[in-house]
Amino acid sequence: SGRWIIAATLRDITERKRAEARMNRFATALDLSGDAVFLVDRASMEYVDVNEAACALLGYPREELLCRQPHEASVRKLTREQLAAEYDSVIAQAPTTLTCEVEFARRNGSVVVCEVRRQAIFSDSGWMIVANCRDSTERKAAQSRVQLLASAVNSSGDRIYFVDRERMEFIEANDAALKHHGVGSIEELKRVKPWDAVRMATTRAELEDIYDEAIARAPQHCRTTDVSRDDDGEIAGAAEVSRTALRVDGRWVIAATWHD
(Lines give C-alpha, C1' and ligand atoms only; values in the text may rest on other atoms or scores of the structure.)
Protein backbone atom coordinates (compact mmCIF):
# COMPACT_ATOMS: atom_id res chain seq x y z
CA SER A 1 0.00 0.00 0.00
CA GLY A 2 3.07 2.21 -0.35
CA ARG A 3 3.81 2.73 3.36
CA TRP A 4 6.48 1.50 5.69
CA ILE A 5 5.61 -0.74 8.62
CA ILE A 6 8.03 -1.14 11.50
CA ALA A 7 8.00 -4.55 13.19
CA ALA A 8 9.47 -4.39 16.68
CA THR A 9 10.26 -7.41 18.79
CA LEU A 10 10.71 -6.97 22.51
CA ARG A 11 12.53 -9.45 24.68
CA ASP A 12 12.80 -9.17 28.42
CA ILE A 13 16.53 -9.14 29.22
CA THR A 14 16.18 -8.18 32.86
CA GLU A 15 17.52 -11.48 34.12
CA ARG A 16 20.40 -11.40 31.63
CA LYS A 17 21.38 -7.89 32.72
CA ARG A 18 21.21 -8.96 36.35
CA ALA A 19 23.40 -11.96 35.55
CA GLU A 20 25.88 -9.70 33.75
CA ALA A 21 25.94 -7.37 36.74
CA ARG A 22 26.56 -10.29 39.07
CA MET A 23 29.39 -11.52 36.85
CA ASN A 24 30.93 -8.04 36.75
CA ARG A 25 30.77 -7.81 40.53
CA PHE A 26 32.24 -11.30 40.75
CA ALA A 27 35.09 -10.38 38.41
CA THR A 28 35.81 -7.24 40.42
CA ALA A 29 35.83 -9.24 43.64
CA LEU A 30 38.27 -11.71 42.09
CA ASP A 31 40.75 -9.01 41.17
CA LEU A 32 40.44 -7.38 44.59
CA SER A 33 41.13 -10.67 46.34
CA GLY A 34 44.61 -11.15 47.74
CA ASP A 35 44.34 -14.89 47.06
CA ALA A 36 44.89 -16.40 43.64
CA VAL A 37 41.59 -17.51 42.10
CA PHE A 38 41.24 -19.85 39.11
CA LEU A 39 37.93 -20.61 37.37
CA VAL A 40 38.02 -23.87 35.42
CA ASP A 41 35.38 -25.30 33.10
CA ARG A 42 35.06 -28.98 33.98
CA ALA A 43 33.86 -30.08 30.54
CA SER A 44 36.72 -28.51 28.58
CA MET A 45 39.27 -28.61 31.44
CA GLU A 46 40.35 -25.10 30.51
CA TYR A 47 40.65 -21.87 32.42
CA VAL A 48 37.61 -19.64 32.11
CA ASP A 49 39.14 -16.79 34.08
CA VAL A 50 41.91 -16.01 36.55
CA ASN A 51 42.49 -12.96 38.73
CA GLU A 52 45.58 -10.76 38.94
CA ALA A 53 46.78 -12.55 42.07
CA ALA A 54 46.80 -15.85 40.14
CA CYS A 55 48.95 -14.29 37.42
CA ALA A 56 51.35 -12.92 40.03
CA LEU A 57 51.47 -16.26 41.87
CA LEU A 58 52.53 -18.28 38.82
CA GLY A 59 54.40 -15.45 37.08
CA TYR A 60 52.45 -15.47 33.82
CA PRO A 61 50.72 -12.65 31.94
CA ARG A 62 46.95 -13.12 32.01
CA GLU A 63 46.62 -13.97 28.32
CA GLU A 64 49.39 -16.56 28.50
CA LEU A 65 48.05 -18.16 31.66
CA LEU A 66 44.57 -18.52 30.17
CA CYS A 67 46.08 -20.47 27.28
CA ARG A 68 47.72 -22.99 29.57
CA GLN A 69 46.10 -26.18 30.86
CA PRO A 70 45.23 -26.37 34.59
CA HIS A 71 47.01 -29.72 35.05
CA GLU A 72 50.28 -28.20 33.79
CA ALA A 73 50.65 -26.03 36.89
CA SER A 74 51.11 -28.88 39.38
CA VAL A 75 54.59 -30.04 40.34
CA ARG A 76 53.11 -33.55 40.64
CA LYS A 77 52.87 -33.58 36.83
CA LEU A 78 49.24 -34.63 36.88
CA THR A 79 47.63 -35.74 33.66
CA ARG A 80 44.49 -34.04 32.42
CA GLU A 81 42.52 -37.14 33.39
CA GLN A 82 43.92 -37.25 36.93
CA LEU A 83 43.02 -33.62 37.59
CA ALA A 84 39.59 -34.19 36.03
CA ALA A 85 39.04 -37.03 38.52
CA GLU A 86 39.91 -34.68 41.39
CA TYR A 87 37.43 -32.13 40.05
CA ASP A 88 34.75 -34.81 39.78
CA SER A 89 35.27 -35.54 43.47
CA VAL A 90 34.70 -31.85 44.23
CA ILE A 91 31.53 -31.87 42.09
CA ALA A 92 30.25 -34.98 43.86
CA GLN A 93 30.53 -33.17 47.19
CA ALA A 94 29.19 -29.79 46.04
CA PRO A 95 28.60 -27.27 47.53
CA THR A 96 31.19 -28.38 50.12
CA THR A 97 34.58 -26.70 49.84
CA LEU A 98 37.48 -29.15 49.78
CA THR A 99 40.92 -28.10 50.98
CA CYS A 100 44.25 -29.57 49.97
CA GLU A 101 47.88 -28.57 49.64
CA VAL A 102 49.38 -28.22 46.18
CA GLU A 103 52.88 -27.42 44.93
CA PHE A 104 52.75 -25.20 41.84
CA ALA A 105 55.53 -24.70 39.32
CA ARG A 106 56.05 -21.04 38.55
CA ARG A 107 57.12 -19.69 35.18
CA ASN A 108 60.68 -19.07 36.42
CA GLY A 109 61.04 -22.69 37.56
CA SER A 110 60.59 -22.07 41.27
CA VAL A 111 58.02 -23.94 43.36
CA VAL A 112 55.35 -22.33 45.51
CA VAL A 113 53.36 -24.27 48.13
CA CYS A 114 49.70 -23.29 48.35
CA GLU A 115 46.67 -24.11 50.41
CA VAL A 116 43.97 -24.71 47.79
CA ARG A 117 40.24 -24.55 48.48
CA ARG A 118 38.09 -25.96 45.68
CA GLN A 119 34.35 -25.62 45.23
CA ALA A 120 32.10 -26.72 42.36
CA ILE A 121 29.33 -24.41 41.12
CA PHE A 122 26.77 -25.17 38.42
CA SER A 123 26.10 -22.54 35.75
CA ASP A 124 24.23 -22.40 32.46
CA SER A 125 27.31 -23.77 30.71
CA GLY A 126 27.80 -26.64 33.16
CA TRP A 127 30.04 -27.33 36.14
CA MET A 128 32.71 -24.82 37.06
CA ILE A 129 35.52 -25.38 39.54
CA VAL A 130 36.52 -22.38 41.65
CA ALA A 131 40.02 -22.85 43.06
CA ASN A 132 41.13 -20.36 45.69
CA CYS A 133 44.89 -20.60 46.31
CA ARG A 134 46.85 -19.03 49.14
CA ASP A 135 50.65 -19.06 49.22
CA SER A 136 51.65 -21.04 52.31
CA THR A 137 55.39 -21.17 51.61
CA GLU A 138 56.26 -18.82 54.46
CA ARG A 139 53.84 -20.58 56.80
CA LYS A 140 55.37 -23.96 55.96
CA ALA A 141 58.86 -22.56 56.52
CA ALA A 142 57.75 -21.12 59.86
CA GLN A 143 56.24 -24.47 60.85
CA SER A 144 59.48 -26.23 59.99
CA ARG A 145 61.43 -23.72 62.04
CA VAL A 146 59.09 -24.22 65.00
CA GLN A 147 59.49 -27.98 64.72
CA LEU A 148 63.27 -27.64 64.65
CA LEU A 149 63.24 -25.32 67.66
CA ALA A 150 60.89 -27.65 69.54
CA SER A 151 63.21 -30.57 68.80
CA ALA A 152 66.20 -28.56 70.05
CA VAL A 153 64.36 -27.46 73.19
CA ASN A 154 63.30 -31.02 74.03
CA SER A 155 66.80 -32.31 73.39
CA SER A 156 68.25 -29.88 75.94
CA GLY A 157 69.21 -31.21 79.34
CA ASP A 158 68.25 -27.86 80.86
CA ARG A 159 64.74 -27.32 82.15
CA ILE A 160 62.82 -24.81 80.05
CA TYR A 161 59.49 -23.31 81.09
CA PHE A 162 57.11 -20.80 79.51
CA VAL A 163 54.87 -18.92 81.94
CA ASP A 164 51.92 -16.62 81.27
CA ARG A 165 52.70 -13.54 83.35
CA GLU A 166 49.11 -12.36 83.69
CA ARG A 167 47.67 -15.71 84.73
CA MET A 168 50.86 -16.82 86.49
CA GLU A 169 50.67 -20.35 85.16
CA PHE A 170 52.78 -22.64 83.01
CA ILE A 171 51.77 -22.74 79.35
CA GLU A 172 54.55 -24.96 78.01
CA ALA A 173 57.69 -26.81 79.13
CA ASN A 174 60.28 -29.13 77.65
CA ASP A 175 60.79 -32.80 78.42
CA ALA A 176 63.53 -32.12 80.98
CA ALA A 177 61.18 -29.85 82.96
CA LEU A 178 58.35 -32.39 82.88
CA LYS A 179 60.70 -35.14 84.03
CA HIS A 180 62.00 -32.95 86.89
CA HIS A 181 58.47 -32.59 88.25
CA GLY A 182 57.58 -36.20 87.63
CA VAL A 183 54.78 -35.47 85.17
CA GLY A 184 54.17 -36.60 81.63
CA SER A 185 52.36 -33.65 80.08
CA ILE A 186 51.99 -29.88 80.28
CA GLU A 187 48.42 -30.39 81.52
CA GLU A 188 49.78 -32.15 84.59
CA LEU A 189 52.45 -29.50 85.11
CA LYS A 190 49.79 -26.77 85.08
CA ARG A 191 48.61 -28.14 88.41
CA VAL A 192 51.90 -26.92 89.88
CA LYS A 193 52.07 -23.20 90.61
CA PRO A 194 55.19 -21.52 89.21
CA TRP A 195 56.07 -20.04 92.62
CA ASP A 196 55.97 -23.51 94.15
CA ALA A 197 58.46 -24.67 91.53
CA VAL A 198 60.95 -21.89 92.34
CA ARG A 199 62.97 -22.39 95.48
CA MET A 200 64.35 -18.84 95.77
CA ALA A 201 60.89 -17.22 95.64
CA THR A 202 58.41 -18.66 98.06
CA THR A 203 55.37 -16.53 97.28
CA ARG A 204 53.48 -15.50 94.18
CA ALA A 205 54.24 -11.83 94.86
CA GLU A 206 57.98 -12.47 95.03
CA LEU A 207 57.98 -14.37 91.73
CA GLU A 208 55.83 -11.68 90.12
CA ASP A 209 58.51 -9.13 91.05
CA ILE A 210 61.14 -11.29 89.37
CA TYR A 211 58.99 -11.59 86.23
CA ASP A 212 58.28 -7.85 86.15
CA GLU A 213 62.01 -7.17 86.28
CA ALA A 214 62.46 -9.46 83.27
CA ILE A 215 59.70 -7.56 81.44
CA ALA A 216 61.33 -4.22 82.26
CA ARG A 217 64.64 -5.44 80.86
CA ALA A 218 63.23 -7.20 77.78
CA PRO A 219 64.61 -8.37 75.42
CA GLN A 220 67.68 -8.79 77.64
CA HIS A 221 68.11 -11.86 79.82
CA CYS A 222 67.78 -11.73 83.59
CA ARG A 223 70.06 -14.22 85.34
CA THR A 224 69.68 -15.39 88.93
CA THR A 225 70.74 -18.33 91.06
CA ASP A 226 68.13 -20.56 92.64
CA VAL A 227 69.41 -22.11 95.87
CA SER A 228 67.77 -24.93 97.83
CA ARG A 229 68.60 -25.67 101.46
CA ASP A 230 68.16 -28.71 103.66
CA ASP A 231 66.41 -28.80 107.05
CA ASP A 232 69.58 -27.52 108.73
CA GLY A 233 69.76 -24.50 106.46
CA GLU A 234 72.72 -25.79 104.50
CA ILE A 235 72.85 -25.37 100.73
CA ALA A 236 71.62 -28.61 99.14
CA GLY A 237 71.77 -27.52 95.52
CA ALA A 238 71.84 -24.57 93.14
CA ALA A 239 70.72 -23.78 89.61
CA GLU A 240 71.46 -20.92 87.25
CA VAL A 241 68.22 -19.42 85.94
CA SER A 242 67.93 -17.26 82.83
CA ARG A 243 64.63 -15.48 82.18
CA THR A 244 63.53 -13.59 79.10
CA ALA A 245 60.22 -11.75 78.63
CA LEU A 246 58.51 -12.25 75.27
CA ARG A 247 55.50 -10.40 73.87
CA VAL A 248 53.21 -13.04 72.34
CA ASP A 249 49.71 -12.26 71.01
CA GLY A 250 49.41 -9.16 73.18
CA ARG A 251 50.52 -10.79 76.42
CA TRP A 252 53.81 -11.25 78.27
CA VAL A 253 55.29 -14.72 78.38
CA ILE A 254 58.30 -15.52 80.55
CA ALA A 255 60.76 -18.02 79.09
CA ALA A 256 62.86 -19.48 81.89
CA THR A 257 65.84 -21.80 81.45
CA TRP A 258 67.20 -23.70 84.47
CA HIS A 259 70.74 -25.08 84.39
CA ASP A 260 71.62 -27.27 87.34
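Note that these values count all heavy atoms, side chains included, but never hydrogens, waters or copies made by symmetry. Numbers for residues simply follow the sequence, beginning at 1.
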Taking side chain as C-beta onward, heavy atoms only, is L246 less than 4.5 Å from W252? no
Heavy-atom nearest pair, T244 first then P219, reads CG2-O, 3.8 Å
Between L58 and L65, what is the shortest heavy-atom contact and its length? CD1-CD1, 3.9 Å
Determine, using the 4.5 Å side-chain heavy-atom cutoff (strictly less than), whether I210 and V192 are members of one ILVMFWY cluster. yes
Side chains of L66 and V50: closer than 4.5 Å at any heavy-atom pair? yes
Side chain proximity check, C133 to V102, heavy atoms < 4.5 angstrom: no
Counting only N and O atoms by type, is there a donor-acceptor contact under 3.5 Å from the side chain of D135 to the main-chain atoms of C114? no
Flag the pair I254 / I215 as yes when at least one side-chain heavy-atom distance between them is below 4.5 Å, and no otherwise. yes
Within 6.0 Å of CD in E72, more than 12 heavy atoms from elsewhere: yes
Atom pair SG (C55) and CZ (R62), whose distance is rounded to the nearest 0.5 Å: 6.0 Å
Given side chains that start at C-beta, do those of S125 and R42 come closer than 4.5 Å, heavy atoms only? no
Check whether E206 reaches the backbone of T203 with its side chain - one donor and one acceptor, N or O, closer than 3.5 Å. yes
Output yes when a side-chain donor or acceptor of R106 lies under 3.5 Å from a complementary backbone atom of L57, and no otherwise. yes
For N174 and I160, indicate whether the former's side chain and the latter's backbone hold a donor-acceptor pair under 3.5 Å. yes
Should T99 and V116 be marked as a side chain to side chain contact (heavy atoms under 4.5 Å, CB included) after you check the CA-CA gap, both sets of side-chain angles, and the distance that decides it? CA-CA 6 Å; T99 302; V116 180; over 6 Å; no
Determine yes or no for a side-chain-to-main-chain donor-acceptor pair under 3.5 angstrom, with Q82 supplying the side chain and L78 the backbone. no
Which heavy atom of A245 sits nearest a heavy atom of A214, and at what distance? CB-O, 3.6 Å
Drop me the distance from Q220's CD to S242's OG, to the nearest 0.5 angstrom. 11.5 Å
Less than 4.5 Å apart, side chain to side chain, heavy atoms only: is that true for M128 and I121? yes
Would you find more than 12 non-hydrogen atoms of other residues, nucleotides or ligands less than 6.0 Å from E166 atom CD? no
Verify, without hydrogens or angle tests, whether R165 (side chain) and M168 (backbone) share a donor-acceptor contact under 3.5 angstrom. no
Could you measure the distance from the CZ atom of R107 to the CZ atom of R68? Nearest 0.5 Å is fine. 9.0 Å
Hydrophobic cluster membership, V241 vs F162, 4.5 Å side-chain cutoff: no
For the atom pair NE2 (H259) and OG1 (T225), what is the distance rounded to the nearest 0.5 Å? 11.0 Å
I need the I129 CD1 to M45 CE distance, nearest 0.5 Å. 8.5 Å
Short N-O contact, R204 and E208, less than 4.0 angstrom: yes
Taking V40 as the starting point, is it possible to reach Y60 by hopping between hydrophobic residues whose side chains are less than 4.5 Å apart? yes
Whether the side chain of T96 engages the backbone of Q93 through a donor-acceptor N/O pair (distance < 3.5 Å, no angle test) should be reported. yes
Dump the intermediate steps for salt bridge (charged side-chain N to carboxylate O under 4.0 Å, His left out) on K190 and E188, then the final yes or no. CA-CA 5 Å; K190 286 180 178 181; E188 292 179 82; over 6 Å; no
Let me check something: do W127 and L83 share a hydrophobic cluster, defined by ILVMFWY side-chain heavy atoms less than 4.5 Å apart, either directly or through other members? yes
Does V183 reach the side chain of S185, with side-chain heavy atoms less than 4.5 Å apart? no
Mind checking whether Y47 and F38 have ring centres under 6.0 Å apart? yes
Might you point out which heavy atoms bring A94 and A120 nearest each other, and give the distance in Å? CB-O, 3.8 Å
Smallest heavy-atom separation, F104 atom then S74 atom, equals CD2-N, 4.5 Å
Please answer whether the main-chain N or O of R134 pairs with a side-chain N or O of D35 as donor and acceptor at a distance below 3.5 Å. no
In terms of heavy-atom contacts, F170 and K193 come closest through CE1-C, 4.3 Å
Do C100 and R118 touch side chain to side chain, with heavy atoms closer than 4.5 Å? yes
Passes side chain to side chain donor-acceptor pair (under 3.5 Å), T224 versus R243? Steps please. CA-CA 8 Å; T224 58; R243 295 184 177 89; 3.2 Å; yes
Hey, is the main chain of R251 close enough, under 3.5 Å, to the side chain of D164 for a donor-acceptor pair? no
Between Y161 and H180, do the side chains contain a donor N or O and an acceptor N or O under 3.5 Å apart? no
Do the side chains of L207 and V253 join up, straight or via other hydrophobic residues, at under 4.5 Å, putting them in one cluster? no
How long is the gap from CD on Q119 to CG on L98, to the nearest 0.5 Å? 9.0 Å
